[in-house]
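Working notes, structure below.
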Amino acid sequence: MPYADSDGTSLYYERHGAGPAILFVHGSGGHHAAWWQQVAALREEFTVVTLDLRGFGKSDSSMPEFDGQDFPGDVVAVLDAEDLTDVMLVGQSIGSVAALRAGLLRPERVSSVVLGHSLGGISHPELKELAAADRAEAVKLPVIDRLLTKPFQTARADLTFLFQQMGTFNVARMQDLRNLDTDGPSLEEIGASGVKVAFLAGEKDAVLGVKTVTRAHELLPGSHLEIVPGAPHSMYWETPEPYNAAVARLRRTLTAPKEAV
């Protein structure tokens, strides 16, 4: 599988299938292989691209420290390496922040960004306050309970264990990504870019509440909102069928406008 160069940093990525392009951007505990249930389900209809941000998976992890501000450039490097256009970027949790910034950096390549379980680092005082309140409640829970529901953990101990093992392949950690949230784009900047934005969240997300995501949707003109019933923060893992259906539905809908002939 190929590697892309991001200002001298080697980035591992994979490309599967054919059709309109979807590029998945993982969160703090993921990497390219975390999307196994998405690749298998979507590659018959779409071009599915997965990558490892620097410090994750098979990408270069040799740097002494990691700067989350570099992650959007990593996404852009893969877009450029594959010469992709009309791409839908799909982020997971804090990976959505990198996805949104990458989309704003390359609007000629990215037609839409799906913010999975995230506000994408949007700079807005009301949203910042709402998200902080949600996080204050989330930190009261064990990490695994923030990400997967208790019934799933009990019924699928095997997949819960594998989920936890995924993070052991990474050198970078959550604290390396946190500064991605600083100096985020404004609602006006997003609107002016022409990039379409969709918020995708789970009803049982213990990290970011449905009310907070809904408010972000209300504040961002032209945005889309998908709430999946019964789904947790790591919906892509625990409830892949409705997650994949939502992603496919958004990809069919959020496409670049056709140029006038």
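Here the shortest heavy-atom pairing between A206 and L141 reads CB-CD1, 3.9 Å. Nearest heavy atoms, N170 versus G30: ND2-O, 3.1 Å. For P232 against L147, the heavy-atom pair with the smallest separation is CB-O, 3.6 Å. The nearest pair of heavy atoms linking Q37 to Y236 is NE2-O, 3.5 Å. The shortest non-hydrogen separation linking S111 to R251 is OG-NH2, 4.1 Å. Scanning both residues, E203 and G230, for their nearest heavy atoms gives OE1-N, 2.6 Å.
By the 4.5 Å heavy-atom criterion applied to side chains, S96 and V25 are not counted as neighbours. With a 4.5 Å cut-off on side-chain heavy atoms, I22 and L89 do not count as touching. Residues T9 and M63 meet the side-chain proximity criterion, which asks for heavy atoms closer than 4.5 Å.
Rounding to the nearest 0.5 Å places CG of D70 at 8.0 Å from CG of D7. The line from CD of Q92 to CH2 of W35 is 5.0 Å long, rounded to the nearest 0.5 Å. Here the OG atom belonging to S223 is positioned 9.0 Å from the CD1 atom belonging to I190, to the nearest 0.5 angstrom. Here Y13 contributes atom OH and S59 contributes atom OG; the two are 11.0 Å apart, rounded to the nearest 0.5 Å. The line from CZ of R135 to OG1 of T212 is 10.0 Å long, rounded to the nearest 0.5 Å. Taken from CZ in F71 to CD1 in I94, the straight-line distance is 8.5 Å, to the nearest 0.5 Å.
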Under the criterion side chain to side chain contact (heavy atoms under 4.5 Å, CB included), I'd like the reasoning laid out for L200 against V213: C-alpha separation, chi angles, the key distance, then a yes or no. CA-CA 8 Å; L200 175 59; V213 177; over 6 Å; no
Before giving the answer on side chain to side chain contact (heavy atoms under 4.5 Å, CB included), spell out for T214 and F199 the whole-Å C-alpha distance, their side-chain angles and the decisive distance to 0.1 Å. CA-CA 8 Å; T214 301; F199 296 93; over 6 Å; no
Apply side chain to side chain contact (heavy atoms under 4.5 Å, CB included) to V247 and F24, showing your working. CA-CA 10 Å; V247 169; F24 287 99; 4.2 Å; yes
Chi angles and distances behind the salt bridge (charged side-chain N to carboxylate O under 4.0 Å, His left out) call for R109, D86: CA-CA 6 Å; R109 294 196 180 279; D86 186 20; over 6 Å; no
Could you go through R106 and D80, starting from their C-alpha distance and side-chain angles, then the distance that decides it, and tell me whether this counts as salt bridge (charged side-chain N to carboxylate O under 4.0 Å, His left out)? CA-CA 9 Å; R106 285 290 190 278; D80 290 346; 3.0 Å; yes
Given side chain to side chain contact (heavy atoms under 4.5 Å, CB included), test L115 with V90 step by step and report yes or no. CA-CA 6 Å; L115 305 178; V90 180; over 6 Å; no
Check the pair E226 / R249 against salt bridge (charged side-chain N to carboxylate O under 4.0 Å, His left out), numbers first and verdict last. CA-CA 10 Å; E226 288 266 355; R249 186 163 53 250; 2.9 Å; yes
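I144 and W237 fall within a single hydrophobic cluster, where Ile, Leu, Val, Met, Phe, Trp and Tyr are joined by side-chain heavy atoms under 4.5 Å apart, directly or via other members. At a threshold of 4.5 Å between side-chain heavy atoms, the hydrophobic network of Ile, Leu, Val, Met, Phe, Trp and Tyr places V75 and V195 in one connected group. Neither L11 nor L53 shares a network with the other; the hydrophobic side chains, linked directly or stepwise wherever heavy atoms of I, L, V, M, F, W or Y lie under 4.5 Å apart, form separate groups for each. One hydrophobic cluster holds both M235 and F163 under the rule that ILVMFWY side chains link at heavy-atom gaps under 4.5 Å. Under a hydrophobic-cluster definition in which Ile, Leu, Val, Met, Phe, Trp and Tyr are linked whenever side-chain heavy atoms come within less than 4.5 Å, directly or via other members, L23 and L105 are assigned to different clusters.
In this model, no donor atom of one side chain and acceptor atom of the other lie less than 3.5 Å apart for R54 and S61. Counting only N and O atoms by type, the side chains of E238 and T149 include a donor and acceptor under 3.5 Å apart. Between the side chains of D60 and S10, no donor-acceptor pair of N or O atoms lies under 3.5 Å. For the residue pair Y243/Q38, the side-chain donor-acceptor check at 3.5 Å is not satisfied.
Put simply, the residue from T253, V114, V113 that forms a side-chain contact (heavy atoms from CB on, under 4.5 Å) with M88 is V114.
If you look at H31 and F169, their ring centroids are closer than 6.0 Å. Between Y12 and H32, the gap from one ring centroid to the other is short of 6.0 Å. A ring-centre distance under 6.0 Å is found for F56 and H26.
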Could you pull out every donor-acceptor pair under 3.5 Å between side chains of residues 116-126 and any protein atom, sequence neighbours left out?
from: H117; atom 1: ND1; to: D205; atom 2: OD2; distance (Å): 2.9
from: H117; atom 1: ND1; to: H233; atom 2: O; distance (Å): 3.4
from: H117; atom 1: NE2; to: H233; atom 2: O; distance (Å): 3.1
from: S118; atom 1: OG; to: S93; atom 2: O; distance (Å): 3.4
from: S118; atom 1: OG; to: G120; atom 2: N; distance (Å): 2.8
from: H124; atom 1: ND1; to: E126; atom 2: N; distance (Å): 3.2
from: E126; atom 1: OE1; to: R215; atom 2: NE; distance (Å): 3.4
from: E126; atom 1: OE1; to: R215; atom 2: NH2; distance (Å): 3.3
from: E126; atom 1: OE2; to: R215; atom 2: NE; distance (Å): 2.8

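Under the 3.5 Å distance criterion, the side-chain polar atoms of T239 are left unmatched by any main-chain donor or acceptor of P242. Panel note: side chain T47, backbone G19; a donor-acceptor pair is recorded below 3.5 Å. Side chain of R146 to main chain of V207: no donor-acceptor pair is present (N/O by atom type, distance under 3.5 Å, no hydrogens or angles).
Listed by first then second residue, pairs satisfying salt bridge (charged side-chain N to carboxylate O under 4.0 Å, His left out) with a partner in residues 150-164 read D145-K150, R156-D158, not counting sequence neighbours.
R252 has a carboxylate O that lies under 4.0 Å from a charged side-chain N of E45, or vice versa, which qualifies the two as a salt bridge.
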